[in-house]
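Written out below as structure tokens is the structure these notes cover.
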There are 2 protein chains.
Amino acid sequence: MFNPQKQAEEMIRRCGERVTTGRIQVLAILLAEQRAVTHHEIEKRLSDKPRLNRVTLYRVLEWLNEKCFVHKVVGDDRIWHFRANSPTTYHQHAHFECMRCTRVVCLDDMKAEYDSPLPAGYQSREIELRVKGLCAECA
Amino acid sequence: MFNPQKQAEEMIRRCGERVTTGRIQVLAILLAEQRAVTHHEIEKRLSDKPRLNRVTLYRVLEWLNEKCFVHKVVGDDRIWHFRANSPTTYHQHAHFECMRCTRVVCLDDMKAEYDSPLPAGYQSREIELRVKGLCAECA
DNA sequence: ATATTAAATGCAACTATGTTGCAATACTAA
DNA sequence: TTAGTATTGCAACATAGTTGCATTTAATAT
Ligand SMILES: [Mn+2]
Ligand SMILES: [Mn+2]
Ligand SMILES: [Zn+2]
Ligand SMILES: [Zn+2]
């Protein structure tokens, strides 16, 4: 039984920092999503009533990123896309980006590597492989 | 004798479209630069007098991109970086991005490839490899 | 050289994503 | 329950990039 809400709360509680409804809601949304989604898409998925303020959502996303619950990718639309981290998510990461609908999908199985050396004095910290093209719906 | 101004004019003239001082100036700046540079950086390099309008600069850059005289990359700063295309520039491309100064460098020798298959129905058009870390000056 | 015409430019206003300062609120631990 | 601190909401801001429209300019025809 996969309960994103429960799981999100558990994850945040376990990390020892403050457990707020905003953080739980947002992480739950991301856990339930396979794609990397934007601030705007998350905002639409948030239950109404007293909806989370958009500035707070930005801050929650930044916090989730710092705590390594999620990672973020910028697409050619110049918008951050957020995705919950799976245990396998590492500093070598591949993404697919649809050139038509701007959807971003994490290619979790694909590993990013490089062969040639970097210019002298350059240090590598993260490697990201980006495949651009058309997603199944847009092809 | 490498004369960017002359070369830029020649390239634009040869493509059969309108030759304007703006297009020449901007392409010349990009031909003389090894890094991928932003709109803002290009603006600063433009000779004053009646400086090219910033909207026009955006349109010139877009035009140069469409005509394949340049390509553009978005970095984690969410800003477009432009670089003149060399003959070897292809749809498989690698970039280094400094996590501190946001400098973007095209790794022309490095080739981007992937091994695992894409999700069903997905089509690849371009592959980009992004190495993030610290540049020689920031390391 | 001059007139003609379509494309490129400048300007003002606009959109969108994301940020900052500060007062009000809500977690957490005593 | 209370106190102290982290989080939230709000308003205002910053900045990259876009759009509509009137004006100018490059290329072509006369
Ligand atoms: Mn990812
Ligand atoms: Mn490049
Ligand atoms: Zn698509
Ligand atoms: Zn640097």
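So you know, we letter chains A, B, ... as the sequences are listed, proteins then strands, and number each from 1. Computed from a prediction, not measured in an experiment: that's the story for all the values here.
For B:His39 (side chain) and B:Arg54 (main-chain N/O), a donor-acceptor pair under 3.5 Å exists by modelled atom type. The backbone N or O of B:Arg18 sits less than 3.5 Å from a side-chain atom of B:Arg23, completing a donor-acceptor pair.
Of the candidate nucleotides D:dA16, D:dA27, C:dA8, D:dA16 has the atom lying nearest to any side-chain atom of B:Ile79. Closest to the A:Arg59 side chain, of the nucleotides C:dT28, D:dG9, D:dT7, is D:dG9. Listed candidates were C:dT20, D:dT18, C:dT28. Nearest to the side chain of A:Arg18 is C:dT28. When each of D:dT7, C:dA8, D:dT8 is scored by its nearest atom to the side-chain atoms of B:Arg23, the top-ranked nucleotide is C:dA8. Side chain of B:Asn53, nearest nucleotide from C:dC11, D:dG9, C:dT28: C:dC11.
Map B:Glu17 and B:Asp77 each onto its nearest nucleotide of DNA chain D; the residue landing nearer the 5' end is B:Asp77. Position along DNA chain D of the nearest nucleotide to B:Gly16 versus B:Arg54 favours B:Arg54 as the more 5'-ward residue. A residue-by-residue look at B:Trp63 and A:Lys72 shows that B:Trp63 has its nearest nucleotide of DNA chain C further toward the 5' end.
One can place CG of A:Leu52 at 16 Å from P of C:dT25, the figure rounded to the nearest angstrom. As rounded to whole Å, 14 Å separates atom P of D:dT7 from atom CG of A:Leu61. Counting to the nearest Å, the P atom of C:dT15 and the NE2 atom of A:His40 are 15 Å from each other. Going from atom CD1 of B:Ile42 over to atom C1' of D:dA16 covers 13 Å, rounded to whole Å. The nearest whole Å value for the distance from the CD atom in B:Glu66 to the C1' atom in C:dA8 is 13 Å. Between the CD atom of B:Glu41 and the P atom of D:dG17 there is a distance of 12 Å, given to the nearest Å. At whole-Å resolution of the value, OH in B:Tyr58 and C1' in C:dA16 are 13 Å apart. In this structure, the CD atom of B:Gln25 is 13 Å from the C1' atom of C:dT9, given to the nearest Å.
Shown here for A:Arg100 and A:Leu134, the closest heavy-atom pair between the two residues is CB-CD2, 4.0 Å.
Note on B:Arg78: every side-chain N or O is 4.0 Å or more away from OP1 and OP2 of C:dT17. When the side-chain nitrogen and oxygen atoms of B:Thr56 are compared with OP1 and OP2 of C:dG10, one or more of them lie within a distance under 4.0 Å. Under 4.0 angstrom from either OP1 or OP2 of D:dA26 there lies no side-chain N or O belonging to B:Thr20.
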(request) Evaluate the criterion side chain to side chain contact (heavy atoms under 4.5 Å, CB included) for residue pair A:Thr38 and A:Phe82; output intermediate values, then yes/no. (result) CA-CA 6 Å; A:Thr38 63; A:Phe82 297 85; over 6 Å; no
(request) Evaluate salt bridge (Lys or Arg N to Asp or Glu O under 4.0 Å) for B:Glu10 paired with B:Lys6, printing each intermediate quantity in order. (result) CA-CA 6 Å; B:Glu10 179 61 23; B:Lys6 263 265 170 275; over 6 Å; no
